[in-house]
Structures are given as C-alpha cells and as structure tokens.
Amino acid sequence: MPPGAGSDLRLHYNENTAGCSAAVLDALQSITREDMAIYPDYDAVTAKTARWLDVDPDWIRLTNGLDEGLYAVAQYGAAHADAGHASRRPQFVLPEPSFEMFEAFASVVRAELVRVPPEPDFRFPMTAVLDAVTPSTRVIYLVDPNNPTGLSLPEGLAETMAAAVPQALVLVDEAYADFSRRSLVGPALDRHRNLVVGRTFAKGHGLAGLRVGALVAHPQTMERLGAMLPPFNVNICGVRALEAALDDQSYLDWYVAQTTASKALVYEFCRTHDLTYWPSDANFVLVRFGDRAPALVGDMRERGFLVRDKSAAPGCAGCLRLTSGVVDHTRRTIAALEDCLAARAN
Ligand SMILES: *Cc1c(COP(=O)(O)O)cnc(C)c1O
C-alpha cells in the first residue's frame with residue numbers, strides 16, 4: 001500500500017484522528033438539490049461562528065480553510081507595501097520554527113521573508129524579532145500554540161508586538177486554540193487594530209477535508225482584509241458542516257479530552273525512554289529521538305503509522321512530531337514505537 005493510503009494511521013498532519021462529528025454527515029445529507037444550485041448565503045453561519053467566538057459578526061470572515069486566510073494576510077501585506085517607496089519589497093518576519101505555509105505564501109506575493117531563529121529550548125526570540133523589524137515590515141507571523149513545538153506564546157506577547165510594530169499586521173495563527181483553550185479573540189483586537197487572529201475548524205472539529213477556517217480582527221481591519229478574499233470562498237458543504245460542528249460542542253469537548261489523555265501517554269513513553277519532549281498545548285507532541293529519527297519514520301511507515309520528521313526545522317534536529325488524537329490510536333502508536341526502538345537497539 002502506498003504511504004498515506006487506506007488504513008494507515010495518519011499522525012503527520014495533526015488531523016482529527018476520530019473524524020468529524022456524526023452530526024456533520026447528517027447535515028451534509030440534508031443539503032437539497034436546490035441548495036447545491038445557488039450561491040451560498042453566509043449570514044446565518046457567520047452569526048453562529050461569531051457567537052461561538054464571542055464577537056460580533058462584522059469581526060469575522062470565513063475562509064476556505066485557514067490557509068486561504070493566511071494567503072489573504074500575505075496579499076494584504078504585499079498590497080499595503082510602503083506607499084512612498086513602491087519599489088521596496090515588503091518584509092514578513094517569521095520567528096522559527098513555524099508552520100511551512102507562511103513561507104509559501106510570502107513567496108507567492110514576492111515578499112522578503114525575514115527568518116528569526118529560536119532561542120535554546122524554543123524560548124520566544126522577542127528581542128531578535130524586534131531587531132528584525134524595519135519600516136518595510138508588513139507582516140509578523142505568530143502561532144499560538146506553535147506548530148511544530150506545541151508551546152504557547154508567553155502571555156501578552158502578541159499585544160506587545162502589535163503595539164511595537166504598528167506598520168505591520170501581526171497575525172496570530174490559533175489553529176490549535178481548541179486544544180489550548182486560550183485565544184486572543186476579545187478586547188485585545190479592539191485595542192490593537194493591526195492584530196489578526198486565524199482560526200480553523202480542521203483540527204479540533206475534524207473538518208480538514210471540507211476546508212473551513214476564519215479570520216478575526218477589528219471590523220476596520222477585517223473590511224480591508226476581506227477585500228483580499230473572493231466573495232463566495234466557502235462552499236455550501238463547508239457552510240452546513242460548520243453549523244453542525246459548532247452545534248455539537250460535546251463532540252469537540254470529547255475529542256479535546258482524548259488528546260489531553262493521549263499527550264499524557266506520550267510524555268510517559270518519553271520519560272521511560274529518556275527522550276526529550278516539549279509539553280504541548282496542541283494535539284501533537286514534538287519528541288527528540290536524535291539520529292534515529294529519519295529511520296524511525298520509515299520503520300513506523302512500514303508498520304502503518306505516518307509520523308512527521310521535523311529534523312530540518314530550526315531547533316528541531318532529531319525531532320519527530322506525533323499527532324496525539326484518540327487514546328486507542330495513541331496506545332497503538334506507542335506500542336509500534338516501542339517495537340521500532342527495540343528492533344533498532346538489537
Ligand atoms: C493545520 C494548520 C493550518 C491550516 O488549517 P486549514 O484550515 O486546514 O487550512 C494553519 N495554521 C497552522 C499552524 C496549522 O497547523
């Protein structure tokens with residue numbers, strides 16, 4: 001079987017290993033032929049999502065996955081490049097390690113990506129980030145909790161950044177906020193109109209295949225950011241799925257509890273084998289396996305477990321990222337890891 005096909009346990013994209021709520025399938029099945037034939041209306045779903053996030057509807061825009069929102073942020077940063085110096089390339093600042101997509105989108109809009117390496121143990125390089133800022137800085141990328149480390153940003157950091165760099169949009173990618181149970185959405189976005197929060201329903205709600213995310217910012221900012229998005233960017237299946245997923249809060253709560261229990265099992269495994277790991281506020285754990293990391297990815301794939309090699313990411317030498325979803329899946333994953341480690345030790 002080719003990698004990623006069929007029955008492999010996919011632990012390499014931080015997807016929901018349980019699938020979406022069954023209520024989502026019911027909602028999709030109730031879509032009529034007439035619904036399919038018309039352009040979607042977003043009023044009801046936007047109001048429901050806004051309520052769930054505890055903001056007014058004009059503070060949010062739904063996106064075709066958060067990725068589309070990140071694309072819009074890059075477009076915005078490039079479009080609002082130095083008015084007085086049109087020839088100057090916009091600069092986007094990226095504290096590393098981070099989510100790969102930022103680099104891809106910065107490159108599409110021909111922005112200069114300014115990378116800031118991590119401090120030891122992934123302490124946030126605040127001074128180095130501020131030192132990297134210039135008058136051409138248009139976007140600063142923050143991820144909270146971060147991917148691939150699972151570490152939350154220090155309290156208040158995003159706000160400090162937004163105040164210090166008013167010429168830039170400060171994006172806080174909260175793809176894993178359902179797991180950390182912490183969000184910047186609230187009064188901070190009113191105090192700092194250059195703050196934008198990204199959310200997705202791919203991870204906690206298990207809608208990765210349907211592509212639904214959201215951007216949240218002050219309405220003034222949202223209006224200009226929203227202009228970077230096509231008018232009918234989320235299809236009717238995404239709309240109905242999101243409504244059903246938000247109505248089934250108990251499913252999300254159940255899944256978050258599964259990930260919490262799974263992470264505890266992974267930590268215990270790490271302590272048993274004397275492996276360095278970082279306590280994660282997301283649905284995955286970064287573990288340092290050292291030189292055996294790349295071979296382990298292959299060994300695990302042969303056993304039907306797909307895990308992500310993050311060795312090449314700054315600060316992540318020898319590290320694998322393991323999605324920690326359904327507890328039963330995690331138990332099987334750990335058993336397979338034990339098996340692989342024992343086989344290599346012989
Ligand atoms: C998974 C992920 C996304 C992408 O979310 P989609 O809604 O699937 O596009 C964005 N940011 C981070 C940090 C992620 O890990």
Side-chain angles (χ1 to χ4, degrees), residues 8-24 52-53 65-66 97 99 122 143-153 172-185 197-210 212-214 241-242 244-272 275-289 300 304-308 310 316 319-338:
D8 281 336
L9 190 49
R10 298 166 56 87
L11 307 173
H12 58 331
Y13 281 117
N14 301 335
E15 294 152 338
N16 187 315
T17 71
C20 66
S21 155
V24 167
W52 189 73
L53 289 166
L66 175 51
F99 184 52
F122 302 118
V143 185
D144 188 26
N146 198 13
N147 175 4
T149 62
L151 299 174
S152 288
L153 283 180
V172 185
D173 180 327
E174 293 188 354
Y176 301 97
D178 295 326
F179 305 102
S180 68
R181 303 265 190 205
R182 205 182 76 149
S183 175
L184 201 63
V185 172
V197 170
R199 298 290 293 253
T200 179
F201 304 95
K203 310 280 163 58
H205 296 84
L207 300 182
L210 281 158
V212 246
L242 178 55
L246 293 179
D247 280 341
D248 193 358
Q249 181 67 31
S250 64
Y251 184 77
L252 178 65
D253 293 342
W254 168 79
Y255 189 65
V256 172
Q258 288 283 303
T259 65
T260 303
S262 279
K263 286 185 285 184
L265 292 174
V266 173
Y267 302 159
E268 188 185 295
F269 160 82
C270 290
R271 287 191 294 265
T272 303
L275 299 166
T276 299
Y277 67 93
W278 288 268
S280 165
D281 292 322
N283 64 338
F284 55 83
V285 184
L286 189 70
V287 180
R288 179 162 280 146
F289 287 92
M300 286 294 280
F305 297 84
L306 306 179
V307 300
R308 180 64 80 83
K310 294 305 296 183
C316 302
C319 289
L320 302 185
R321 193 191 64 197
L322 312 171
T323 301
S324 308
V326 173
V327 169
D328 174 54
H329 295 161
T330 304
R331 287 193 199 286
R332 281 163 47 204
T333 306
I334 290 172
L337 283 169
E338 301 271 10

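Residue numbers count from 1 along this sequence. All values derive from a computational prediction rather than experimental measurement.
At a threshold of 4.0 Å, the pair D173-R199 does not count as salt-bridged, since none of the basic side-chain nitrogens sits closer than that to a carboxylate oxygen. Taking the charged nitrogens against the carboxylate oxygens, D281 and K263 have no contact shorter than 4.0 Å, which rules out a salt bridge.
Of all heavy-atom pairs between N283 and T259, the closest is CB-CG2, 4.0 Å. Counting all heavy atoms, side chain and backbone alike, G198 lies closest to L66 at CA-CD1, 3.6 Å. Across every non-hydrogen atom of Y277 and C270, the tightest pair is CD2-CB, 3.3 Å. A pairwise comparison of heavy atoms in V327 and A261 identifies CG2-CB, 3.6 Å as the closest pair. Closest of all the heavy-atom pairs between A244 and A23 is CB-O, 3.6 Å. In plain terms, the two heavy atoms of G150 and P145 that are nearest each other are O-CB, 3.7 Å.
D248 and S250 form a side-chain donor-acceptor contact under 3.5 Å, judged by distance and modelled atom types alone. Checked by atom type, the side-chain pair S262/S324 shows no donor-acceptor distance below 3.5 Å. With hydrogens and angles left out, the side-chain atoms of R308 and N14 include no donor and acceptor closer than 3.5 Å.
The backbone N or O of G325 sits nowhere less than 3.5 Å from a side-chain atom of Q258 that would complete a donor-acceptor pair. Under a 3.5 Å cut-off, the side chain of D8 and the backbone N or O of R10 do not form any donor-acceptor pair. With hydrogens and angles disregarded, no donor-acceptor distance shorter than 3.5 Å links the side chain of N147 to the backbone of F99. Using a distance-only test at 3.5 Å, with no hydrogens or angles considered, no donor-acceptor pair links the side chain of E15 to the main chain of A202. In this structure a side-chain-to-backbone donor-acceptor pair under 3.5 Å is present from N146 to P97.
The closest side-chain heavy-atom distance from L337 to L322 is below 4.5 Å. Put simply, the side chain of S280 does not reach to within 4.5 Å of the side chain of F179, judged on heavy atoms. Under the 4.5 Å side-chain criterion, counting only non-hydrogen atoms from C-beta, V326 is in contact with Y255. Side-chain atoms of E174 and L184, non-hydrogen and from C-beta on, do get closer than 4.5 Å to each other. Side-chain contact between Y251 and D253 is absent, with no heavy-atom pair separated by less than 4.5 Å. W278 places none of its side-chain heavy atoms less than 4.5 Å from the side chain of Y267. Annotation: side chain of M300 is not in contact with side chain of L306 (no heavy-atom distance under 4.5 Å). Looking only at side-chain heavy atoms (C-beta outward), V24 and L210 come within less than 4.5 Å of each other.
Going from atom CZ of F305 over to atom OG1 of T323 covers 13.0 Å, rounded to the nearest 0.5 Å. Taking CZ of F269 as the start and OG1 of T330 as the end, the distance is 12.0 Å to the nearest 0.5 Å. In this structure, the separation between OG on S183 and CG on D144 is 8.5 Å, given to the nearest 0.5 Å. In this structure, CZ on F122 lies 6.5 Å from OG1 on T149, to the nearest 0.5 angstrom. Here the OG1-NE2 distance, from T333 to H329, works out to 8.0 Å after rounding to the nearest 0.5 Å. Distance CG/L11 to CG/L320: 11.0 Å, rounded to 0.5 Å.
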Given the rule in the side-chain contact (heavy atoms from CB on, under 4.5 Å) test, do V212 and T200 qualify, once you have shown the distances and angles that lead to the verdict? CA-CA 6 Å; V212 246; T200 179; over 6 Å; no
Should H205 and D178 be marked as a side-chain contact (heavy atoms from CB on, under 4.5 Å) after you check the CA-CA gap, both sets of side-chain angles, and the distance that decides it? CA-CA 9 Å; H205 296 84; D178 295 326; 3.6 Å; yes
I'd like to know whether C316 forms a side-chain contact (heavy atoms from CB on, under 4.5 Å) with L286, so could you lay out the CA-CA distance, the side-chain angles of the two residues, the decisive distance to 0.1 Å, and finally the verdict. CA-CA 9 Å; C316 302; L286 189 70; 4.1 Å; yes
Determine, step by step, whether V256 and W254 satisfy the side-chain contact (heavy atoms from CB on, under 4.5 Å) criterion, reporting the C-alpha distance in whole Å, the side-chain angles of both residues, the deciding distance to 0.1 Å, and the verdict. CA-CA 6 Å; V256 172; W254 168 79; over 6 Å; no
Could you walk me through whether F284 and Y176 pass the ring pair (Phe, Tyr, Trp, His ring centres under 6.0 Å) check? CA-CA 10 Å; F284 55 83; Y176 301 97; 5.1 Å; yes
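Crowding of R182 atom CZ: a count of heavy atoms from other residues, nucleotides or ligands under 6.0 Å exceeding 12.
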